[in-house]
Amino acid sequence: MLELRGIRSGYGDVTILKDVDLTVEAEIFAVLGANGAGKSTLMRTIARLLAVEAGDLRFRGEDVTAVAPNRLAEMGISLVPQEANIFPNLTVRENLSLGTMFGTRSSRSRIDEVFDLFPDIAARADQKAGSLSGGESQMVAFGRALAQEPRLMLLDEPTTGLSPKYVNLLLEKVRQIHDSHGVAILLAEQNAVKALEVASRVLVLSLGKVYLDSPVSETDLEAIQGGYHI
Amino acid sequence: MGDTIEVNGLRKSYGGRVVNEIPRLTLSEHRIEGLIGPNGAGKTTLMSLITGRIRPDTGSVRLLRDGAAIEITGMSLNRVARLGVVRTNQKIQDFESLTIEDSMLLSLATDRDEGPGRLFGERDFRERCDPIIADYVAAMKFADRSAHALSAGEKKLLDIVRCLLLEPKILLMDEPTVGLPTEQTDEVMALVSRVAERQDMKVVIIEHDLDLIWKVCEHVHFMADGQILLHGTPEEVRTNRLVRDKYMGESHA
Amino acid sequence: MFDLLTSYTLFSLSTVMGFVALATLLHLQFGLAGIVNFGVVGFWGLGMYAFGVLLIQFEVPYPLAMLLAVAIVAAVSLLIGWVIVDLNDQAVLVATLAFGTIVTSLVTTEKWLTEGVVGLGSVPYPVETGDGALWQFVVLTAVTAAIVIYAARIAKTPYGRLLAAKRDNEPLARGLGKNTSRHKLTIFVITCALMGFVGTLSAPVHRFLTPDLIGPGVTFSAWIALIVGGKRHPLGGVLGVALTIFVFDFVIETYVPVPSEHAATVTVIKTIVYGVTLIVALMFRPLGLLGPGRKRGSR
């Protein structure tokens with residue numbers, strides 16, 4: 001579904017990702033690694049929010065290395081960024097409806113699905129998203145990505161600030177949309193144990209390079225932790 | 001004994017929705033306390049009310065220090081911070097143009113160091129700060145102190161360090177583990193505990209990482225729907241049915 | 001004196017030097033402290049006119065008139081600063097822009113004080129010997145150099161870091177116990193008073209004070225120079241003025257023979273070139289020639 005070949009990217013003069021190769025099929029891919037290893041950079045590069053300095057990016061067979069990010073969203077890639085992931089001056093409902101610009105099913109039914117999943121934000125549907133708590137904002141950001149009916153979800157620490165109950169709920173939902181719709185998911189998490197509970201494949205980044213890329217069933221925790229100690 | 005915070009008849013609402021309603025609460029009677037509760041319970045709002053970032057509709061917040069009560073309701077954020085009540089941020093925040101070292105120097109500068117007429121003495125100031133900064137750079141494993149904090153985790157660590165450098169009497173930590181891997185969280189909390197011991201600092205932690213709460217806190221407050229529903233030892237709170245139903249969901253039961 | 005320093009070249013160079021001072025003060029206000037002052041001409045013009053009026057209409061002794069004029073600018077900027085200190089950037093921009101316009105209007109309408117468009121004259125040099133213009137230029141240069149050196153130094157002190165922190169993220173700075181409102185007000189009043197001081201030094205350079213000296217063009221020229229040169233760099237104002245105002249108001253006006261029937265065209269071309277330069281700078285070097293090429297992002 002998604003192919004990265006020799007990807008290099010970063011910010012200004014600072015190169016973060018160095019020569020990353022990666023193939024993602026319709027699977028749940030846990031993206032792990034220490035701080036600064038390049039997890040967020042990887043997500044943002046795939047979503048084309050960062051310029052690709054070198055290498056190719058292909059999505060569903062099509063070369064998207066130079067495709068605009070809005071076009072990628074239309075093609076079915078949705079991103080939940082780690083920071084600044086909601087529109088604070090729009091209401092919760094408006095935030096979610098932004099996720100329903102493309103796709104087939106009615107906007108209303110998709111928004112209602114999100115509200116069913118997270119009753120807490122349903123109660124705040126017409127409030128400005130900026131007045132929500134950290135965890136509630138996170139639900140809105142995830143809900144918006146979900147409403148996009150994506151083929152590939154890029155989740156950058158989506159459980160940040162969520163209570164334990166919702167962490168489980170969100171991860172359960174991730175597994176469910178993968179199982180029922182064959183959605184591919186890249187899931188960056190600090191909590192490796194939680195991520196591995198739902199993932200089928202694991203990617204460990206270290207200093208901007210792929211340290212480990214293997215099925216979860218064939219990976220032990222010690223091998224993963226090696227990537228944190230470089 | 002150290003400082004404690006006393007809240008009386010505190011109430012705050014936004015557009016008709018009551019987000020905080022706390023008749024009476026004493027915080028930081030213990031060295032390290034936890035404040036837990038579901039999303040939207042009003043935990044962050046409570047911290048904002050205490051630090052003066054926002055004003056309550058009614059009620060008061062007082063800082064009890066050496067037997068005296070200092071009214072801090074309505075005081076500005078910077079004055080409350082100068083009194084020694086400081087908060088680390090839930091959302092990742094940084095000064096875009098300051099390097100890691102600059103950020104620490106900013107924290108370490110006192111009112112006396114900062115003035116439009118103070119053109120000299122920078123070298124002395126840096127020399128004075130250098131050992132302190134070196135300690136924290138080593139403890140937090142910053143690779144290059146003259147660089148900017150780039151990753152979310154580095155920014156988070158720097159935020160915590162900036163607060164610790166102020167040598168607060170009460171440190172409020174709003175979700176310190178966000179953006180940090182588990183191992184590093186442990187290191188940070190160990191550091192915070194050491195500082196707390198050494199500088200007679202109290203700590204209140206908001207966190208969803210309950211393992212951390214049960215491990216480091218001596219006392220835990222449980223909050224839901226803007227109210228404090230329960231206090232107790234970690235064991236008491238963990239085994240409480242209300243907490244399980246409202247907060248943890250089945251899998252932790 | 002030798003040919004290079006005719007009275008006209010001295011006049012041009014003094015004008016350019018005044019702009020270097022204004023652009024550098026604007027660097028302190030905007031580049032360092034993040035205060036969007038669009039009323040530069042108001043503070044400069046108020047200093048100039050207050051000095052002229054005190055000296056000529058009220059016959060106040062020369063140094064005292066300068067001192068009083070600066071004090072007036074300081075008092076006015078304290079008042080304005082107090083109003084705008086906790087407003088957002090847009091509101092500060094509008095308020096200061098309005099202030100600049102008010103000063104220009106009052107100077108035009110209050111003829112009993114300022115002689116209006118007829119012009120207030122003539123403001124003498126402090127020493128009325130033959131070299132008055134040269135000395136005035138030397139003094140302006142010294143004052144400007146002092147301001148530039150101050151700007152370069154202050155950035156590397158705790159106070160400079162405090163102002164940068166305030167500019168980047170004010171609530172976060174307050175959370176660290178920094179009284180950003182007070183510091184903002186202090187730096188604003190000091191720099192505005194200095195703009196007024198530069199105004200008092202510019203008064204004898206122009207000799208005849210007329211309202212068209214203090215149009216919004218002064219503010220915009222200082223801004224364009226600073227943005228082109230680099231708002232964050234203490235030498236940004238110097239470089240920016242050298243590339244814009246110096247080129248047009250000195251090099252071209254002095255050394256390029258323009259037929260008199262095309263003289264008006266030069267002014268128009270100047271405005272166009274300023275505009276294009278500004279757009280190009282914002283597109284390719286948003287932080288100016290002395291700033292880093294691209295804004296560094298965050299992960």
Side-chain angles (χ1 to χ4, degrees), chain A residues 10-12 14 16 32-41 81-86 118-121 123-124 126-128 130-140 156-157 159-169 171-172 188-194 197 207 224-225 227-229, chain B residues 14-17 19 36-46 48 89-94 140-144 147-157 174-175 177-185 206-211 213 224-225 243-253:
Chain A
Y11 305 83
V14 189
I16 308 281
L32 307 175
N35 265 320
K39 303 187 290 293
S40 299
T41 311
Q82 192 174 17
E83 297 169 55
N85 51 18
I86 53 159
F118 300 122
D120 286 42
I121 56 169
R124 320 229 184 290
D126 297 310
Q127 280 181 21
K128 290 263 170 77
S131 71
L132 299 181
S133 77
E136 289 168 332
S137 311
Q138 204 62 31
M139 296 178 206
V140 173
D156 196 354
E157 304 193 22
T159 63
T160 296
L162 290 184
S163 69
K165 184 166 126 190
Y166 279 118
V167 170
N168 295 327
L169 200 66
L171 292 176
E172 189 48 49
E189 264 298 329
Q190 295 290 355
N191 189 333
V193 178
K194 278 267 178 240
E197 276 174 22
L207 303 173
I224 292 172
Q225 270 160 358
Y228 285 84
H229 289 299
Chain B
Y14 284 117
R17 170 189 169 199
V19 287
I36 61 171
N39 295 121
K43 307 182 292 293
T44 298
T45 306
L46 177 58
S48 299
N89 293 287
Q90 174 188 35
K91 296 212 169 109
I92 287 159
Q93 305 226 18
D94 196 19
M140 295 299 190
K141 301 199 177 85
F142 288 123
D144 180 2
H148 293 255
L150 277 180
S151 69
E154 276 182 318
K155 288 180 188 171
K156 192 81 185 182
L157 290 177
D174 197 348
E175 300 198 29
T177 72
V178 164
L180 294 179
T182 321
E183 288 176 40
Q184 203 151 20
T185 314
I206 293 183
E207 195 39 78
H208 290 302
D209 178 349
L210 293 178
D211 292 338
I213 292 283
D225 303 322
V243 176
R244 282 193 190 178
D245 291 351
K246 279 216 167 226
Y247 184 44
M248 292 199 252
E250 294 91 334
S251 76
H252 277 255

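Every chain is numbered from 1, with letters handed out A, B, ... down the list of sequences.
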Practice problem: Please name all residues satisfying side chain to side chain contact (heavy atoms under 4.5 Å, CB included) with Asn85(A), sequence neighbours left out, ordered by chain then number. | Solution: Val80(A), Pro81(A), Gln138(A), Ala141(A)

Exercise. Please state whether the side chain, the backbone, both or neither of Lys43(B) comes within less than 4.5 Å of a heavy atom of chain A.
Key: neither

Exercise. Name the region of Tyr247(B), side chain, backbone, both or neither, that has any atom closer than 4.5 Å to a heavy atom of chain A.
Key: both

Quiz item: So which of Val178(B), Asp209(B), Thr44(B), Ile36(B) has the biggest tally of heavy-atom pairs under 4.5 Å with chain A?
Solution: Val178(B)

Quiz item: Asn89(B) and Lys156(B): side-chain donor and acceptor closer than 3.5 Å?
Solution: no

Quiz prompt | Residue, of Glu189(A), Glu136(A), Gln190(A), that accumulates the most heavy atom pairs under 4.5 Å with chain B | solution = Gln190(A)

Practice problem: Quick one: pull up CD in Glu207(B) and CD1 in Ile213(B) and give me the separation to the nearest 0.5 Å. | Solution: 6.0 Å

Self-check item: From CD1 (Ile206(B)) to OG1 (Thr177(B)), nearest 0.5 Å
Solution: 12.0 Å

Quiz item: So how far is it from Asp174(B) CG to Ser133(A) OG, rounded to the nearest 0.5 Å?
Solution: 9.5 Å

Exercise. Examine whether an atom of Ser163(A) lies under 4.5 Å from a heavy atom of chain B, and if so say whether it belongs to the side chain, the backbone or both; otherwise answer neither.
Key: both

Quiz item: With chain B, which of Asn191(A), Ile121(A), Leu162(A) has the greatest number of heavy-atom pairs at distances under 4.5 Å?
Solution: Leu162(A)

Self-check item: Thr185(B): side-chain hydrogen bond (donor to acceptor under 3.5 Å, both in side chains) partners, not counting sequence neighbours
Solution: none

Self-check item: Among Ala34(A), Ala192(A), Gly135(A), Ser137(A), residue most engaged with chain B (heavy-atom pairs, under 4.5 Å)
Solution: Gly135(A)

